[in-house]
Participant: 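Got a structure for you, written out below as structure tokens; questions coming shortly.
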Amino acid sequence: MSDRILDLRSDTVTVPSAEMRRAMYEAEVGDDVFGEDPTVRRLEEMAAEVTGKEAALFVSSGSMGNLIALLSHCQRADEAICGSEAHVLHYEVGGAGGVASVTLRAARNDARGRLDPAEVESLIRGENVHTPRTSLLMLENTHNRCSGAVISVEDTQQLCDLAHQHGVAVHIDGARIFNAALALGVPLADVAGTADSVGFCLSKGLGAPVGSLVCGDGAFISSARKNRKMLGGGMRQAGIIAAAGVWALQNMVERMAEDHANAKVLAYGLAEIPTIDLQPDTIETNIVIFRTSDAVGYARALKASGVLCTMPGPDRLRMVTHYGIERADIDTVLVRARGAALAAV
Ligand code: TLP
């Protein structure tokens, strides 16, 4: 057993492979603000095709993608509905309010990341001089804070239909939507369904160093392009980084099944540790969140034994499997996790 530190804080910690770096080195580039970078264009075409949308835009991060979706779908002082555990609500520095001048209104996410359509409908505001206009419903798939839960095609469709009946647009924060498609065994375009826009990240399970795509119809992408420029996100010879994304879409999608399998082994192993509260059969993708009474102490003990994780709540720890973490590493994590549990008592 090696003494290598096993970093399970996030699937964002991956470093590009030699082949991916070669693709970046060899990328054909141009000035993308003039729309002249062939590699960025190629990536955007691939993204539009795989999500089943008309067009796509390369942006620097998942957070920027969500912010651009808010700016492009909403007017100043509008309201967007999102889940109570949504990334946009918890981890995007309040950009909805701070930058887009949009208030977020939360509907309860259940433990599997789902929203109750009746609750969502009750939160959509009717026309009234006193109230903000509800212009957007933001969904998330897979659901980060709900242990990487996958939202079904049917649930997404029901919410899209409901929102559209009320004239409300739908954006899917699909930072890990490839994980969802893989877990469901359906084409990504089906997972994106009739949502008006969808974002996905290259820098998570797909293993690219940087970048996300937002996808939607031509009018949305024109507006998104303008908003990206306003945010200072217009990039010049961005083909250097887009090339990593092209390579990732061609070579890294299927391998994420290994991350899912490793997460299951990890979850079943962790669940055997008496101080850990985890239902391993609920783990569907690459995120394992569990409860433990002394989360701070346990995280410290894990770190001392060479396993890094994050703390999504006062009594919750998160481990994420990713490219670079092999099946044998999971066995090492479990040996260390058992040891750390004894050390933390
Ligand atoms: N999530 C990160 C942290 O911010 C928590 C992680 O390590 O999981 N949507 C979802 C669902 C995300 O999980 C993330 C990143 C984002 C958006 C933001 O993406 P970036 O980090 O590229 O801005």
Side-chain angles (χ1 to χ4, degrees), residues 7-15 47 51 57-71 80 82-96 98-100 104 106 109 112-115 136 138-151 156 171-181 183 191-192 195 197-215 228 231-233 235 238 241-242 244-245 248 256 259 263 283-289 299 308-313 316-325:
D7 190 348
L8 302 185
R9 286 174 301 166
S10 183
D11 45 10
T12 59
V13 302
T14 54
V15 290
T51 56
L57 182 74
F58 185 42
V59 299
S60 64
S61 66
S63 302
M64 185 185 266
N66 284 341
L67 185 54
I68 285 175
L70 283 157
L71 283 163
C82 67
S84 55
E85 297 301 320
H87 192 278
V88 68
L89 186 64
H90 286 267
Y91 299 130
E92 294 178 20
V93 206
V99 182
L104 295 178
N109 279 122
R112 309 300 310 136
R114 291 172 297 212
L115 297 173
L136 186 64
M138 296 191 87
L139 306 177
E140 186 175 318
N141 199 5
T142 63
H143 206 295
N144 184 346
R145 285 176 56 85
C146 297
S147 232
V150 178
I151 310 301
T156 302
H171 172 73
I172 300 178
D173 172 355
R176 297 186 180 81
I177 199 166
F178 280 92
N179 298 82
V191 186
S197 58
V198 56
F200 69 84
C201 292
L202 300 165
S203 56
K204 303 201 164 56
L206 292 172
V210 62
S212 293
L213 277 300
V214 277
C215 314
R228 182 186 69 174
L231 295 172
M235 296 181 281
I241 48 176
M256 288 196 299
D259 300 340
I283 303 305
E284 296 174 276
T285 60
N286 69 330
I287 298 181
V288 179
I289 295 180
L308 305 183
C309 61
T310 57
M311 217 174 122
R316 301 200 307 159
L317 295 180
R318 182 185 86 156
M319 293 182 180
V320 185
T321 55
H322 54 78
Y323 175 63
I325 295 291

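What you see is a predicted model; the values in this text were computed from it and never measured. Indexing begins at 1, ligand by ligand and atom by atom, following the structure's order.
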Participant: Give every residue pair that meets the side chain to side chain donor-acceptor pair (under 3.5 Å) criterion with at least one member in residues 316-325, sequence neighbours excluded.
Facilitator: Asn144-Arg318, Thr310-Arg318

Participant: Using a 4.0 Å heavy-atom cut-off, say whether Glu140 meets ligand 1 through its side chain, its backbone, both or neither.
Facilitator: side chain

Participant: With the threshold set at 4.0 Å, does a side-chain nitrogen-carboxylate oxygen contact exist between Arg112 and Glu284?
Facilitator: yes

Participant: How long is the span from the CG atom in Asp259 to the NZ atom in Lys204, to the nearest 0.5 Å?
Facilitator: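 Asp259 CG to Lys204 NZ: 14.0 Å, rounded to 0.5 Å.
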
Participant: Give me the residue, atom name and distance of the protein heavy atom closest to atom 22 (O) of ligand 1.
Facilitator: Gly62 N, 2.8 Å

Participant: Under 4.0 Å, heavy-atom basis, I'd like to know which part of Arg318 is in contact with ligand 1: side chain, backbone, both or neither.
Facilitator: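 The part of Arg318 near ligand 1 is the side chain, not the backbone.
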
Participant: Hey, is His90 one of the residues with a heavy atom under 4.0 angstrom from ligand 1?
Facilitator: no

Participant: Say you draw a straight line from CZ of Phe178 to OG1 of Thr51; how long is it, rounded to the nearest 0.5 Å?
Facilitator: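 That separation rounds to 8.0 Å.
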
Participant: Of the side chain and backbone of Ser63, name the one, both, or neither that has a heavy atom under 4.0 Å from an atom of ligand 1.
Facilitator: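 The answer is both.
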
Participant: Short question: side chain of Asp173, backbone of Ala175 - any donor-acceptor pair under 3.5 Å?
Facilitator: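 Side chain of Asp173 to backbone of Ala175: a pair is present.
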
Participant: What residue and atom, counting heavy atoms only, is the protein's closest point to atom 7 (O) of ligand 1, and at what distance?
Facilitator: Ser10 OG, 2.7 Å

Participant: At less than 4.0 angstrom from any non-hydrogen atom of Glu92, what atoms of ligand 1 do you find?
Facilitator: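 Going through ligand 1 atom by atom, the ones under 4.0 Å from Glu92 are 17 (C).
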
Participant: Under 3.5 Å between some N or O of ligand 1 and some N or O of Arg176?
Facilitator: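 Between Arg176 and ligand 1 (N or O atoms, distance only) the closest approach is under 3.5 Å.
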
Participant: Purely on distance, is any nitrogen or oxygen of Arg9 under 3.5 Å from one on ligand 1?
Facilitator: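 Looking only at distances, the answer is no, because the N/O contact criterion of under 3.5 Å is not met.
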
Participant: Taking side chain to side chain contact (heavy atoms under 4.5 Å, CB included) as the criterion, tell me which of Leu67, Val59, Val198 meets it with Val214.
Facilitator: Val59

Participant: Whether the side chain of Glu85 engages the backbone of Cys146 through a donor-acceptor N/O pair (distance < 3.5 Å, no angle test) should be reported.
Facilitator: no

Participant: Any atoms of ligand 1 less than 4.0 Å from a non-hydrogen atom of Asn144? List them with their elements.
Facilitator: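 Ligand 1 atoms under the 4.0 Å threshold to Asn144: 1 (N), 5 (C), 6 (C), 8 (O), 12 (C), 13 (O).
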
Participant: Side chain or backbone, does Asp173 bring an N or O within less than 3.5 Å of an N or O on ligand 1?
Facilitator: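 By distance alone, the answer is yes.
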
Participant: Who's the nearest protein heavy-atom neighbour of atom 21 (O) of ligand 1, and how far?
Facilitator: Lys204 NZ, 3.8 Å

Participant: With rounding to the nearest 0.5 Å, note down the distance linking OG in Ser61 to CG in Asn66.
Facilitator: 8.5 Å

Participant: Any idea which part of His143 is under 4.0 Å from ligand 1, heavy-atom wise: side chain, backbone, both or neither?
Facilitator: neither

Participant: Can you tell me the protein heavy atom closest to atom 3 (C) of ligand 1 and the distance?
Facilitator: His87 NE2, 3.6 Å

